[in-house]
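One structure is given below, encoded as structure tokens.
Hydrogens, waters and symmetry mates are skipped; everything else that's a heavy atom, side chains included, is used. Each residue takes its place number in the sequence, starting with 1.
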Amino acid sequence: MSLKKNIAANYLGQGWVALMQLAFIPLYITYLGMEAYGLIGIFAILQAGLVLLDIGMTPTLNREMARFTAGAHTPQSIRELLHSLEIICVGIAFVIAISIWGASGWFAQHWLRAEQLPLNTVSEAIAIMGLVAALRLVESIYRGALLGLQTQVWLNAVTAILATARGLGAVGILVWLSPTIEAFFLWQGCISLISVIVLALRVHRTLPAAAQPVRFSKQALSGVWNFAQGMIATTFLSLLLTQVDKILLSRLLNLKEFGAYILAATVANALSLLIGPLAQSYYPRFTELLTKNDESGLIAAYHQGSQFMTIMLVPVAMILIFHSEAVLYLWTGNAELAHNSASLVALLALGTTFLGLMNIPYMLQLAYGWSTFAAKVNAVIVAVLIPVLFWAAPRYGAIGAAWVWVAITSSYIFLVIPIMHQRLLPREMWAWYWRDNALPTAAVTCVAYAGAWIQPVGYSKLEQLAWLIAISLISFVAALISTSSFQGIFLRRIKEKILSNNQIEK
């Protein structure tokens, strides 16, 4: 499967997933209320937190499946690794479901501050969350395997179908059967169970048969343990980095206010759906090139991936930063909510953009097997982040937490990249800063800022939407023409056209 097809499939598939996730949020709020939507935000935190209990299995399996496609594994060894990880993952998932069920009453009574929802409703919702989160943990290892096997077109098609069933089905449940948060989470659990079955069947049918019966293998696990160790630490610290603000605010704010914060974070986090597809496509590609010792190909792929990340991410990010109030109003139809949340969305979007631009360098680190670097970096940053958040959030609330987030994430760009490039591709750092990021970002920022400055007032919703689409398209074109990858493609096409015309004339 080619890199271009994988990228296209990832964007189409995950773009549809994003649409399914975002499109129905106003309906969830309408039928469930803001407090119940706050519980959906709690589930998002819970799901992110349980990634830690993945203990590095998903990225490890992704990497090893990519190495298998490059010839580094036999069918026997890769199947034994998969089987061993399956047993561990199912065991962890069972413990998760039981533990959250047991703790649901305490959490509802002593942590969350619900003012309208009954205590038993909150408790039951949390118990069901545990089951859904456990299923999604198992689902994630099969996704990692399929990404490494580069069956990404099929994976995204199936993911889009399941996301449609998840979103549309939830709305149907709320409208026609039971407008309760318990019914919402039960439907999510049903779709997650179907996802596990479908993805597991595909993985096992894609891998060639083993020569001998497959068993749990300590040897297979020990071969990937060093990489997995680094991923465990990195995952834990990344979790603290991206979720500690929400964890803290879930305790400091009442559930309704927390729901409003989660709404703003959801809008900003939509940017991650532009980040993931590209990163997922380039990670196995980097691994394959390294396995073949193709350094020149790796350098070219690194800069191409970095530039494509900027092209895809920055134009949308600048729309959220400079036009956040218009976006929120068009989406929710609530002018007051849009006005009150605009600054928060802009700041969270800026911080998410800084992290997004780091994804291609991070994929390069993982391809080299250097998972401990990100862990060490995150340890330092989290050691600073947590006490600063504890100081800022009680004093300045959500907006203070958002400013802290921007300051912390910017350090990745200006401090981490130079350290990384001292070891990996040391001659490519300035090209990453200047060609891959600075030039296209400057071009897009000028367009988005000018669009915000000259935008007339008094537009109807349709006119505002048309204006945002126009600014987005111009920003995207500005990013394209300011990157060397696009310029190279453009010049090659012109050269091919000239040569073709010369041959016709002869």
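Residues that satisfy the salt bridge (Lys or Arg N to Asp or Glu O under 4.0 Å) test with Arg143, not counting sequence neighbours, are Glu139. Take Tyr142 and apply the ring-ring contact (aromatic ring centres under 6.0 Å, His included) test, not counting sequence neighbours, and it matches no residue. In this structure Phe354 satisfies the ring-ring contact (aromatic ring centres under 6.0 Å, His included) test with no other residue, sequence neighbours excluded. Listed by chain and number, the residues in a side-chain contact (heavy atoms from CB on, under 4.5 Å) with Asn120 are Pro118, Glu124 (sequence neighbours excluded). In this structure, the ring-ring contact (aromatic ring centres under 6.0 Å, His included) partners of Trp391, at least two apart in sequence or on a different chain, are Tyr396.
Listed for the Ser341 side chain is no donor-acceptor partner under 3.5 Å among the backbone atoms of Ala338. Remark: side-chain polar atoms of His204 are not paired, donor with acceptor, to backbone N or O of Leu199 under 3.5 angstrom. Side-chain N or O atoms of His323 include none that pairs as donor or acceptor with a backbone N or O of Ala326 at under 3.5 Å. Not a single donor-acceptor pair under 3.5 Å links the side chain of Ser123 to the backbone N or O of Leu119. Looking at Arg136, its side chain never comes within 3.5 Å of a backbone N or O of Ser192 through a donor-acceptor pair.
In terms of heavy-atom proximity, Ile128 sits nearest to Phe185 at CG2-CB, 3.6 Å. Of all the heavy atoms in Ala448 and Phe322, the pair that sits closest is CB-CD1, 3.7 Å. Of all the heavy atoms in Ala268 and Leu320, the pair that sits closest is CA-CD1, 4.4 Å. Shown here for Ala134 and Ala93, the closest heavy-atom pair between the two residues is CB-O, 3.3 Å. The shortest heavy-atom contact between Ile191 and Leu162 is CG2-O, 3.8 Å. Gln188 and Ala170 make their closest contact through NE2-CB, 3.8 Å (heavy atoms, listed as atom of the first residue, atom of the second, distance).
Put simply, the side chain of Ser99 reaches to within 4.5 Å of the side chain of Val95, judged on heavy atoms. Counting only heavy atoms from C-beta outward, the side chains of Leu348 and Trp405 approach each other to under 4.5 Å. Between Leu468 and Leu330 the shortest side-chain heavy-atom distance falls below 4.5 Å. Proximity of Leu364 to Met420: side-chain heavy atoms (C-beta onward) are separated by under 4.5 Å at one or more points. Between Phe373 and Val416, some side-chain heavy-atom pair lies under the 4.5 Å cut-off. Leu174 has its side chain within reach of Tyr28: a pair of non-hydrogen atoms, C-beta onward, lies under 4.5 Å apart. Annotation: side chain of Val316 is not in contact with side chain of Ser472 (no heavy-atom distance under 4.5 Å). With a 4.5 Å cut-off on side-chain heavy atoms, Phe184 and Ile173 do not count as touching.
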(Q) Please evaluate residues Leu146 and Trp154 with respect to the criterion side chain to side chain contact (heavy atoms under 4.5 Å, CB included), reporting the C-alpha separation (whole Å), side-chain torsions for both, the decisive distance (0.1 Å), and the verdict. (A) CA-CA 9 Å; Leu146 290 169; Trp154 181 90; 3.8 Å; yes
Q.
Run the side chain to side chain contact (heavy atoms under 4.5 Å, CB included) test on Val327 and Val345 for me, step by step, so that the C-alpha distance in whole Å, both residues' side-chain angles and the decisive distance to 0.1 Å come before the verdict.
A. CA-CA 10 Å; Val327 171; Val345 169; over 6 Å; no
(Q) Go through it in stages, so that I can follow the logic: the residues are Thr441 and Thr353, the test is side chain to side chain contact (heavy atoms under 4.5 Å, CB included), and I'd like the CA-CA distance, side-chain angles, deciding distance and then a yes or no. (A) CA-CA 11 Å; Thr441 298; Thr353 302; over 6 Å; no
Q: Please test Ile360 against Phe286 for side chain to side chain contact (heavy atoms under 4.5 Å, CB included), starting from the C-alpha separation and ending with a verdict.
A: CA-CA 10 Å; Ile360 294 298; Phe286 289 165; 4.0 Å; yes
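For the atom pair Ile98 CD1 and Leu131 CG, the distance stands at 9.5 Å (nearest 0.5 Å). Note: Arg166 CZ to Ile194 CD1 = 9.5 Å, rounded to the nearest 0.5 Å. Rounded to the nearest 0.5 Å, atoms CG (Leu85) and CG (Leu81) are 4.5 Å apart. Separating the OG1 atom in Thr352 from the CD1 atom in Ile321 is a distance of 9.5 Å, to the nearest 0.5 Å. Note that CG of Asn359 and CG of Leu313 are 9.0 Å apart. Values are rounded to the nearest 0.5 Å. Within the model, atoms OH of Tyr283 and CD of Gln365 stand 11.0 Å from one another, a figure rounded to the nearest 0.5 Å.
Screening residues 177-187 for side chain to side chain donor-acceptor pair (under 3.5 Å) gives Ser178-Thr180 as the qualifying pairs, with residues at least two apart or on separate chains.
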